[in-house]
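We count residues from 1, following the sequence as given.
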Amino acid sequence: PVVSVVRDAESQLLPDVGAVVTCKVCSINSRFAKVHILYVGSTPLKSAFRGTIRREDIRATEKDKVEVYKSFRPGDIVLAKVISLGDAQSNYLLSTAENELGVVVARSEAGVQMVPISWCEMQCPRTHTKDFRKVARVQPQFLQT
């Protein structure tokens, strides 16, 4: 008799400290935003990992004045950097404290993709309402749809 072990052709890529990840905001509260990590760099993950962006890791300056609900909303797509492999709940700790990191895709109440108008605001092209976000200054290597 022969016993064989068959593995998937591709091994699962894991987010590592310092990696830039693309994630989707699931929920927010006054202290942090919970996210699901969908991509490491430009590589899609087979299964989403959980991550947390703490209030103090949202911006590099004026950390005490940051309000999570003015930076992210559930459903936003965010570029973030892994700063720690997390705690007992196996959440990755993420940071958006660089200009290149933050919200890249957001939808308005009307369901339309919003347009960034400054580093801290996005506007709905249909209703022209403005919402606060921690907007990413997206670098060309991350401009993939």
Side-chain angles (χ1 to χ4, degrees), residues 6-145:
V6 180
R7 299 176 67 183
D8 285 341
E10 304 169 35
S11 61
Q12 173 69 39
L13 180 68
L14 295 173
D16 200 9
V17 174
V20 174
V21 296
T22 305
C23 44
K24 184 174 186 172
V25 178
C26 300
S27 65
I28 59 172
N29 66 31
S30 61
R31 294 185 329 250
F32 53 81
K34 291 275 188 192
V35 299
H36 282 161
I37 300 171
L38 306 173
Y39 287 79
V40 174
S42 59
T43 308
L45 296 174
K46 290 181 186 173
S47 58
F49 290 96
R50 291 182 313 202
T52 302
I53 304 172
R54 298 178 303 187
R55 192 179 99 175
E56 56 268 24
D57 297 324
I58 291 175
R59 279 205 321 240
T61 58
E62 299 179 330
K63 294 180 182 189
D64 54 332
K65 296 180 183 173
V66 173
E67 295 180 62
V68 178
Y69 74 93
K70 286 189 175 180
S71 301
F72 308 114
R73 299 281 169 84
D76 288 356
I77 304 296
V78 175
L79 279 179
K81 187 173 277 186
V82 179
I83 56 174
S84 166
L85 299 182
D87 53 15
Q89 293 144 8
S90 72
N91 283 354
Y92 286 86
L93 283 179
L94 308 175
S95 170
T96 57
E98 297 173 27
N99 290 339
E100 296 79 31
L101 305 175
V103 177
V104 289
V105 178
R107 295 221 174 262
S108 67
E109 300 280 330
V112 180
Q113 185 168 322
M114 298 178 82
V115 178
I117 55 174
S118 75
W119 62 274
C120 65
E121 276 188 314
M122 292 183 120
Q123 184 174 26
C124 174
R126 184 180 294 163
T127 62
H128 303 292
T129 55
K130 297 177 185 177
D131 275 342
F132 289 106
R133 294 289 201 284
K134 197 295 183 182
V135 180
R137 187 188 311 142
V138 181
Q139 299 300 301
Q141 69 264 29
F142 296 119
L143 287 176
Q144 298 175 351
T145 51

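- Annotation: salt bridge (Lys or Arg N to Asp or Glu O under 4.0 Å) contacts involving residues 122-133, sequence neighbours excluded, comprise R73-D131, D76-R133, D131-R133.
- A donor-acceptor pair is defined here as one N or O able to donate and one able to accept, closer than 3.5 Å; no such pair exists between the side chain of S108 and the backbone of M114.
- Among all heavy-atom pairs drawn from T96 and A80, the shortest one is CG2-CB, 4.0 Å.
- Nearest heavy-atom pair across L79 and E100 is CD1-O, 4.0 Å.
- Across every non-hydrogen atom of I58 and S71, the tightest pair is CG2-OG, 3.6 Å.
- Judged purely by atom type and a 3.5 angstrom limit, T52 has no side-chain atom pairing as donor or acceptor with the backbone of R54.
- Residues I37 and L94 have side chains in contact (heavy-atom distance under 4.5 Å, counting atoms from C-beta outward).
- Closest heavy-atom contact between P125 and Q113: CD-O, 3.4 Å.
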**Q.** side-chain contact (heavy atoms from CB on, under 4.5 Å) evaluation trace for K34 with N91
**A.** CA-CA 9 Å; K34 291 275 188 192; N91 283 354; 2.8 Å; yes
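- Heavy-atom minimum distance, R50 versus H36: CG-CD2, 3.9 Å.
- Open room surrounds CD on E109; 12 or fewer heavy atoms of other groups in view lie less than 6.0 Å from it.
- Minimum interatomic distance between A136 and L101 (heavy atoms only, all atoms of both residues): CB-C, 3.5 Å.
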Got a list of side-chain donor-acceptor pairs under 3.5 Å for residues 23-33, not counting sequence neighbours?
residue, atom, partner, partner atom, Å
N29, OD1, R31, N, 2.7
N29, OD1, F32, N, 3.0

